[in-house]
Amino acid sequence: MFDSFAARYQKFAPIFLRIGLALVFVFFAIQKLTKPGQGTAEVQLLLNLDLADAAAFNYYLGIVEFCIAISFILGFKVRIFALISSIMV
């Protein structure tokens with residue numbers, strides 16, 4: 001019974017995976033775009049930047065995360081943006 005259910009919906013699994021990942025990237029992008037100064041301590045520790053530079057870097061990361069989310073939702077150049085997202089982690 002489960003095999004017929006899984007076989008019927010197997011073609012939709014990549015779409016739901018892309019949409020789920022896109023939602024995660026959208027939530028984190030919104031957080032970084034609305035409050036770019038919030039995560040500056042982590043950026044300062046990793047890259048040894050000044051406070052203003054770390055906030056700008058955090059803002060640019062939010063833009064990149066939003067672009068990745070849009071790519072996942074639309075299915076445009078997903079492999080390239082998946083590589084970029086894996087580098088960000």
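We're numbering straight along the sequence, starting at 1.
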Do Y60 and V64 touch side chain to side chain, with heavy atoms closer than 4.5 Å? no
Nearest-0.5 Å distance that lies between atom CD1 in I30 and atom CD in E65: 11.0 Å
Determine, using the 4.5 Å side-chain heavy-atom cutoff (strictly less than), whether L17 and I80 are members of one ILVMFWY cluster. yes
Identify the heavy atoms of G62 and A29 that sit nearest to each other, and give their distance. O-CB, 3.4 Å
Crowding at CZ, R8 (>12 non-hydrogen neighbours, <6.0 Å): yes
What do the steps show when you test F81 against I84 for side-chain contact (heavy atoms from CB on, under 4.5 Å), and what is the final call? CA-CA 5 Å; F81 282 100; I84 293 170; 4.2 Å; yes
Just checking F28: does its CZ atom have more than 12 heavy atoms from other residues, nucleotides or ligands closer to it than 6.0 angstrom? no
Compare all side-chain heavy atoms of Y59 with those of L33 and state whether any distance is below 4.5 angstrom. yes
From CZ (F27) to CZ (F66), nearest 0.5 Å: 12.0 Å
Identify which one of L23, V78, I73 satisfies the side-chain contact (heavy atoms from CB on, under 4.5 Å) criterion when paired with R18. V78
Once you round to the nearest 0.5 Å, how far does CD1 of I68 lie from CG of L61? 9.5 Å
For a side-chain contact (heavy atoms from CB on, under 4.5 Å) check, start with the C-alpha distance between F25 and C67, then their side-chain angles and the critical distance, and finish with the verdict. CA-CA 9 Å; F25 277 103; C67 291; over 6 Å; no
Are any side-chain N or O atoms of S71 and backbone N or O atoms of F76, one a donor and one an acceptor, separated by less than 3.5 Å? yes
